[in-house]
Amino acid sequence: AKGAGGARWELFDVDRNQQELARYALSAAIPAALERGEFYLDYQPLTSLRDGSVVGAEALVRWRHPELGELRPDRFIGLAEETGLIVPLGGWVLADAAREAEAWPTGGRPRAPFVSVNLAVRQVHGPGLVRQVRDLLEDTGLPPERLQLEITESAMMSTTGEPVRALRTLADAGVRIAIDDFGTGYSNLAYLRDLPVTELKFAGNFVAGLRGSPNDPSSRTDERILASLVSLAHALDLTVTAEGVETAAQAERLRAIGCDAAQGWHFGRPGPSGQILDLLHRERQP
Ligand code: C2E
Ligand code: CA
Ligand code: CA
């Protein structure tokens, strides 16, 4: 029995190695895939909880792989970060999103819609970010306030000196900076004061806490925590977007708490750029 157990573990390890190899092969294929145009972006609406208008959209990368089919970012972003290939891939994402957003209709609404792009830690820490974003805005003609960069909390925490300066330069130029997945990592809020941030995106697990009935005590506690974080964010002049909003009930409670905007299946799934364009056109007032 012991021998058999040992053999099983060996098989398991071989399996794991195969998986690792497959992941690396996938990552190594990124440059050629970029050249062949296998990546594309889906857009998910960001909706105002005040008036229901679309304030912007988040760009989410996908890979149309010739053999493996449609790949979600979770399959390749992590490894692209490890290998550094996120830098060219992320550069392509930024450029494509900016090109797309430049063509969105801006008339008949209080604020022109912005496109929100995820930045990997490596991109924030790399030397060329300011130049890259500046060139991009110049080339596409997209006004800086119509671009938002999403950075995760952990990326910001490990950030000292140069990356913060880079983000401040971009923020001073009018680019919006959001903390993505807020509430999943460090819960020290003092650092927000020193960072050039304009928005907090509350992670879906916060919102999931609102699922319970209003009389459920643990759900009430979640709601109180959320409400105080929202007022803190507002005191720091930050806007708040809630992610992962799946039901009308969640949206209503988030609105009551004071969240500014929401993103999630209740308002719209990620889809091709034409879907956002339709939404924006439909809203347009004469
Ligand atoms: P994220 O930035 O937190 O993006 C939101 C994810 O939640 C998306 O998954 C979206 O499809 C999903 N989502 C949206 N609404 C709902 C909802 O109501 N319920 C649930 N359960 N999920 C919802 P997706 O597109 O698979 O992206 C996964 C992650 O991949 C993103 O998480 C982001 O961290 C990363 N990612 C995507 N595109 C890029 C990119 O261009 N660059 C980098 N560095 N990372 C990216
Ligand atoms: Ca994001
Ligand atoms: Ca997020």
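Computed over heavy atoms, backbone and side chain alike; hydrogens, waters and symmetry mates excluded. We number each residue from 1, following the sequence as shown. Counting starts at 1 for both ligands and their atoms, following the listed order. What you see is a predicted model, and the numbers here were worked out from it, not measured in a lab.
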Check: What angle sits at the Ca ion (ligand 2) between OE1 of E150 and OD1 of N118, to 10°?
Finding: 90°
Margin query: Please evaluate residues R111 and V55 with respect to the criterion side chain to side chain contact (heavy atoms under 4.5 Å, CB included), reporting the C-alpha separation (whole Å), side-chain torsions for both, the decisive distance (0.1 Å), and the verdict.
Written below: CA-CA 7 Å; R111 239 182 227 138; V55 295; over 6 Å; no
Notebook entry, point to check: Are side-chain heavy atoms of R255 and E252 found at a separation under 4.5 Å?
Noted result: yes
Check: For atom 3 (O) of ligand 1, what's the nearest protein heavy atom and its distance?
Finding: D181 OD1, 3.3 Å
Next item on the list: May I ask you to test the D181-E243 pair for a side-chain heavy-atom distance under 4.5 Å?
Entry: yes
Next item on the list: Look at atom 26 (O) of ligand 1 and say which protein heavy atom is nearest, naming residue and atom and giving the distance to 0.1 Å.
Entry: R72 NH2, 2.9 Å
Notebook entry, point to check: So which of the N, O or S atoms of D181 lies nearest the Ca ion (ligand 3)?
Noted result: OD1
Next item on the list: Answer yes or no for atom 20 (C) of ligand 1: protein heavy atom present at a distance under 4.0 Å?
Entry: yes
Check: With the Ca ion (ligand 2) at the center, what angle do OE2 from E58 and OD2 from D180 span, rounded to 10 degrees?
Finding: 170°
Item checked: N, O or S atom of E243 closer to the Ca ion (ligand 2) than 3.0 Å -> no
Check: Charged N to carboxylate O under 4.0 angstrom, R62 versus E70?
Finding: no
Check: Hey, what's the ring geometry for F182 with F202, parallel, tilted or perpendicular (30° and 60° as the breaks)?
Finding: tilted
